[in-house]
Structure formats: structure tokens, C-alpha cells
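These notes are about the structure you will find just below.
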Amino acid sequence: MMYELNRIRTLYGEKPVLDIASLSVEEGEILGLVGSNGSGKSTLLRHLAFLEAAQSGTLKYRGFDADSIPLHVRREIGILLPEPYLLKRTVRENLLFGLKIRGTLEDAQSRMNEALELVGLLPKKFLHRAWHELSSGETQRVALASRLVLRPKMLLLDEPTNSLDYSGVPQFTDAILHANREWGTTIVIASHDLLWLSEIATRKVGLHFGRLMDFSTTNLIVGKWRESGNERFFDFDDTQSMSLPKSYRIGEKRGVAINPRDISIAIEPFTCKDDTVCLTGVIRDVLHVTKTNEISLKIVIGKHVLECIESFEYFKRYHFYPSQNVYVSFAKSAIKVPSKEA
Ligand SMILES: Nc1ncnc2c1ncn2[C@@H]1O[C@H](COP(=O)(O)OP(=O)(O)OP(=O)(O)O)[C@@H](O)[C@H]1O
């Protein structure tokens, strides 16, 4: 067990931003943290890196309490922030810094080369570059390389794909998987890139207004609700809406969740019954989730995006592709009001 959190509560001023009853992180897993802006993901990562303490509750790392963790154990943990900070020196000095303070300089040169190659930078070209001669994507890569060179036991990544271009993302994926598989690094990643997280994470948890959600879905819809008669509706756009479950209480700021496996798509319209929601949308992304041999599709419906998971066989039959118009359907009973704790 890497982390054990119990009754963690964090307040900024009067405002509660984290309220987690319990959460564990197992050794060797890649845990994805999902949640909308301000849901508390970065705050949680800062707690896990011991950069900032929660107001109450207990946080243990490999059995050590936050306030008695030895420095050498704390140094097993690497964190990559969304706007990475580099020392105002060369790439080489940035990579060497962590090795120096840990006193592990034996095979420094080969480890630096390996770390740079892992993030897709040629050591010959980049090792002696100054920090200001790097693009933002290269800065992000060097920042990850300077964590990888330490072969950390624990790696915390906050929006790691932020400044990466299209080719940078697969490279980062490989680097992260390499750390996990070759060195046994346990990884926690906060990201809005849900498709990417589905590909890389072995488990995902959702944070919603600082609380863990007990849903196994990435389709968390938070937005404005419209009341009409006794019913409440969520509007995808001017013409498409869905009615909300009776258990949804307005003013609770909880949103609703729909499991991607409960959503069906088709190229012909569905026969829509009273207990079903039927919508139309456009496919934005198609991703093969190799772990489960399923297809994850992102469907744009009005101003919102829903993820839908179909079997590989179904996908092969219809050959769904990005930009295709599709019909979307799910049972009204699939719209869940998430409970407050996992
Ligand atoms: N230093 C701070 N002082 C006051 N409030 C803060 C501070 N840091 C974060 N917050 C607030 O705490 C809440 C959680 O912020 P946090 O950065 O953890 O969210 P997040 O899920 O990482 O968001 P995002 O997806 O936008 O990065 C937000 O409402 C934010 O405004």
C-alpha cells in the first residue's frame, strides 16, 4: 500500500475544498483522477506530495504519517505540476540536481540519456541547452525527464499532457508506462483528457466538489438545470434535453453521472420509449481500449460531450469514425445522482 487517506478535510478560508472519507493507492497502480475545474484534484496531489497539509485527517505514505516521514522516504515521491518549473540552468543541470541531492551519481550520464530519450528528446541536442532555449512542450518534457531520471517509487502528475502536441502525448504515455512497468513506479495522474486517462490508468476515481464519487464513469454532467412544472431538465442545446431523476435536489451542486457502458449509439434512429432518452450527436474521438478490447467514443451533443463504450465487435460491424453523425440513447434509469463517497 502506498497511500492511505482517512477523513481528509481541507479548507481555504471558510471554503471546504476536499472532504475525503477514505482513499488508498495500491503499489504499482496507475490511478486516474477525474473531475471538473476546481474539484480539488491539484489540492489532493499537493497533499500526496507533502507540499501542503490538510487541516484534518490522516495521510500515510508507505505506513509513515505525514508529520514523521523521513526525508529519504519523502524524496521517493516526484511531482510534475501543470506549469513545470525548471532551474534557470541547462537541461543537464536540471537532470543532475535531483541525483546530486540524493547522492546517486554513479551512472548519472546513462540515466540522464535514458530519461531524455524516454520523453522523446535527443540527449546530444538537448543536454546542454539552457532553460530559456526550450519551447513549452520541451520544458514539460525536460521536467518529466528530471523526475524519471530519479526512477521514483511514486510519481504524481498534474495535467501532464497540457502543453504537448499530438505526437508528444504517445511519447509521454510510453515514458509513464515504462516507469510503471520497468521500475514499478506507482502513478497518480490528474487530467481532463479523459480518453487518454482511459487508455493509461488502471483505475479512475472522480472528484466532485472535493468529494470522491462512487461512479465508474467519466460522464459527469454538471451544468444549469431548467425547471418546468414538476420536472427538472438538463439542456444539451436549444433543442435537446433530458429530464432528471426525482432524487436530484436542486442547489446540491452534485451533478449527474451516466456510465459510458449504459449509453448506446447507432447510425439509425432508435425507437424512443417514455423511459428512454434519445439524442443526436457527432463522434469526436474513437479510441481502442486495448486492456478491455472495447471502443471508447466521445460524442459531442450540443455543448456537451458524452463518453460511450461499445464492444469491439459492435464497432467492427458499423465502423464508427470521427465526424460521423450518430443517434445516442440511454435509459432514464441510467442517469445517476452520485452518492457522496466511494
Ligand atoms: N491557495 C488557494 N487559496 C484559496 N483557494 C484555493 C487555493 N488553491 C485552490 N483553491 C480553491 O480550491 C478549489 C480546488 O482547487 P484545485 O486546484 O485543487 O482544483 P482542480 O480540480 O485541480 O481544478 P483544475 O481542474 O481547474 O486544475 C478551487 O475552488 C480553488 O479555487
Side-chain angles (χ1 to χ4, degrees), residues 3 5-23 25 30-59 61 66 77-85 136-137 139-140 143-144 147 154-164 168-169 172 176 187-201 203-224 251-257 285 298 303-307 338-342:
Y3 287 103
L5 283 72
N6 275 298
R7 300 184 307 281
I8 290 290
R9 263 178 75 80
T10 308
L11 298 141
Y12 285 124
E14 298 282 290
K15 191 178 155 202
V17 291
L18 271 186
D19 187 358
I20 296 177
S22 79
L23 174 69
V25 180
I30 303 180
L31 176 67
L33 274 182
V34 182
S36 44
N37 289 134
S39 56
K41 303 180 298 296
S42 301
T43 306
L44 177 57
L45 288 184
R46 287 199 297 274
H47 291 339
L48 297 181
F50 299 103
L51 294 176
E52 184 187 301
Q55 259 85 0
S56 59
T58 56
L59 191 168
Y61 173 74
I77 307 168
I79 183 165
L80 183 66
L81 299 169
E83 271 115 40
Y85 169 80
S136 59
T139 303
Q140 182 95 339
L144 178 62
R147 273 67 178 172
M154 188 69 228
L155 190 55
L156 307 165
L157 305 171
D158 197 351
E159 297 293 347
T161 56
N162 252 359
S163 7
L164 297 178
V169 178
F172 252 50
I176 293 166
I187 299 167
V188 179
I189 312 174
S191 177
H192 291 287
D193 192 342
L194 303 179
L195 271 179
W196 178 67
L197 267 191
S198 306
E199 192 187 345
I200 194 168
R203 179 165 71 105
K204 280 181 288 185
V205 292
L207 265 180
H208 188 45
F209 292 99
R211 294 190 154 128
L212 285 183
M213 314 281 293
D214 69 348
F215 64 96
S216 57
T217 171
T218 52
N219 284 329
L220 180 66
I221 305 175
V222 188
K224 289 209 163 175
E252 265 194 301
K253 286 188 166 179
R254 284 168 69 183
V256 292
D285 288 301
K298 285 265 164 171
K303 297 180 190 123
H304 296 267
V305 180
L306 285 183
E307 184 190 11
S339 68
K340 286 186 178 164
E341 292 299 344

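Numbering of ligands and ligand atoms starts at 1, following listing order.
- Ranking the protein heavy atoms by distance from atom 17 (O) of ligand 1 puts Ser42 CB, 3.6 Å first.
- The ligand atoms of ligand 1 that sit less than 4.0 angstrom from a heavy atom of Arg46 are 8 (N).
- Closest to atom 1 (N) of ligand 1 among all protein heavy atoms lies Tyr12 CE2, 3.9 Å.
- Inclusion of Gly35 in the set of residues having an N or O under 3.5 Å from an N or O of ligand 1 is not warranted.
- The aromatic rings of Tyr61 and Tyr3 lie tilted to each other, with the angle between the two planes from 30° to 60°.
- The protein atom (non-hydrogen) at minimum distance from atom 26 (O) of ligand 1 is Asn37 ND2, 2.8 Å.
- Near Thr43, meaning under 4.0 Å from one of its heavy atoms, ligand 1 places the atoms 14 (C), 15 (O), 16 (P), 18 (O).
- Remark: the backbone N or O of Ile79 is paired with a side-chain donor or acceptor of Arg147 at under 3.5 angstrom.
- Closest protein heavy atom to atom 19 (O) of ligand 1: Gly40 N, 3.2 Å.
- Contacts between Glu159 and ligand 1, counted as non-hydrogen atom pairs separated by less than 4.0 Å, are absent for every part of the residue.
- Annotation for Leu80 and Pro84: closest pair CD1-CB, 4.2 Å, computed over non-hydrogen atoms.
- The protein non-hydrogen atom at the shortest distance from atom 31 (O) of ligand 1 is Lys15 NZ, 3.9 Å.
- Residue Val17 places no N or O, backbone or side chain, under 3.5 Å from any N or O of ligand 1.
- In summary, of the residues considered (Ile189, Leu33, Leu81), a side chain to side chain contact (heavy atoms under 4.5 Å, CB included) with Leu45 occurs for Leu33 alone.
- In terms of protein heavy-atom proximity, atom 14 (C) of ligand 1 is nearest to Gly38 O, 3.4 Å.
- Atoms CG and CD, on Leu44 and Glu52 in that order, are 11.0 Å from each other to the nearest 0.5 Å.
- Just one of Lys15, Arg46, His47 meets the side chain to side chain contact (heavy atoms under 4.5 Å, CB included) condition when paired with Thr10; it is His47.
- Considering Leu23, Leu212, Val34 as possible partners of Leu207, the one that fulfils the side chain to side chain contact (heavy atoms under 4.5 Å, CB included) test is Leu212.
- From Thr43, atom OG1 reaches atom CG of Leu11 across 11.0 Å, with rounding to the nearest 0.5 Å.
- The two residues Lys41 and Gly35 come nearest to each other via the heavy atoms NZ-O, 2.9 Å.
- Listed by atom number, the atoms of ligand 1 under 4.0 Å from Lys41 heavy atoms are 18 (O), 19 (O), 20 (P), 21 (O), 22 (O), 23 (O), 24 (P), 25 (O).
- Using 4.0 Å as the threshold, Ser39 has a heavy atom nearer than that to some atom of ligand 1.
- Residue contacts with ligand 1 for His47 are absent, since no atom lies close enough (heavy atoms, distance under 4.0 Å).
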